Amino acid sequence: MSFQLSHEEIRRYRAILLREEKPFKQKLNDFIEHSSYRELLNDKNRDMLKQYLNSHYIYFNNDRYLQNEVDTVFAVVNEYRALISKSYIDFKEELLDFQLKLEKVS
């Protein structure tokens, strides 16, 4: 599905994105540096996430999208979501294995 937004709507959504980007970057930094999820990161995705953290993207300028910046933010969000999903599945498998061991012991 494709539709076209007016420049005013794009600017309004861009303002929301820029406002929400700061807390997202803080959470992402905690994810990379301090969470147990950091062990799931390989060099490639760690570098991509850190590059995004250090960026100051504007996403839209002179009535045009800055496609590289838009692509990067989508890639970061997709990578973050994939890592969270993978960790959830891994933890669920560990829990099921643990429950199976408990059943064998009982």
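Quantities reported herein were computed from a predicted structural model and do not represent experimental measurements.
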Tell me which donor-acceptor pairs under 3.5 Å the side chains of residues 81-90 have, and how far apart each pair is, sequence neighbours excluded?
unit_1, atom_1, unit_2, atom_2, d
Ser85, OG, Arg81, O, 3.1
Lys86, NZ, Asp90, OD2, 2.8
Ser87, OG, Leu83, O, 3.3
Ser87, OG, Ile84, O, 2.8

| request: Check whether any side-chain heavy atom of Ile32 sits under 4.5 Å from a side-chain heavy atom of Leu53, and report yes or no. | output: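 Yes, at least one pair of side-chain atoms sits under 4.5 Å.
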Interatomic spacing from [atom1] in [X] to [atom2] in [Y] - rounded to 0.5 Å:
X	Y	atom1	atom2	answer
Leu66	Asp71	CG	CG	11.0 Å
Asp30	Arg38	CG	CZ	11.0 Å
Leu28	Glu33	CG	CD	10.0 Å
Asp47	Leu41	CG	CG	10.0 Å
Arg12	Leu5	CZ	CG	9.0 Å
Arg14	Ile16	CZ	CD1	12.0 Å

| Could you walk me through whether Arg11 and Asp63 pass the salt bridge (charged side-chain N to carboxylate O under 4.0 Å, His left out) check? | CA-CA 9 Å; Arg11 286 186 190 96; Asp63 299 334; 2.5 Å; yes
| request: Among Glu69, Lys25, Glu79, find the residue that satisfies the side chain to side chain contact (heavy atoms under 4.5 Å, CB included) test when tested with Tyr52. | output: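 Testing each of Glu69, Lys25, Glu79 against Tyr52, the sole residue satisfying side chain to side chain contact (heavy atoms under 4.5 Å, CB included) is Lys25.
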With a 6.0 Å cut-off (strictly less than), is the heavy-atom count around [atom1] of [X], excluding the residue itself, greater than 12?
X	atom1	answer
Lys50	NZ	no
Gln99	CD	yes
His56	NE2	no

| request: Just grab all the ring pair (Phe, Tyr, Trp, His ring centres under 6.0 Å) pairs involving residues 62-83, residues at least two apart or on different chains. | output: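 For residues 62-83: Phe24-Tyr80, Phe31-Tyr80, Phe60-Tyr65.
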| task | Check whether the side chains of Glu21 and Tyr59 place a donor and an acceptor atom closer than 3.5 Å, and report yes or no. | result |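 Judged by distance alone, the side chains do pair up.
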| query | At their closest point, which heavy atom of Glu20 faces which heavy atom of Pro23, and how far apart are they? | reply |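 Residues Glu20 and Pro23, closest heavy atoms: O-CD, 3.3 Å.
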| Do Val105 and Leu100 belong together in a cluster built from hydrophobic side chains that touch within less than 4.5 Å? |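 Hydrophobic grouping puts Val105 apart from Leu100.
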| task | Verify side-chain contact (heavy atoms from CB on, under 4.5 Å) between Val70 and Gln67, making sure each step is shown before the conclusion. | result | CA-CA 5 Å; Val70 172; Gln67 197 60 47; 4.1 Å; yes
| message | Given 3.5 Å as the limit, does a donor-acceptor pair link the side chain of Asn42 with the main chain of Lys44, or not? | response |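 Side chain of Asn42 to backbone of Lys44: a pair is present.
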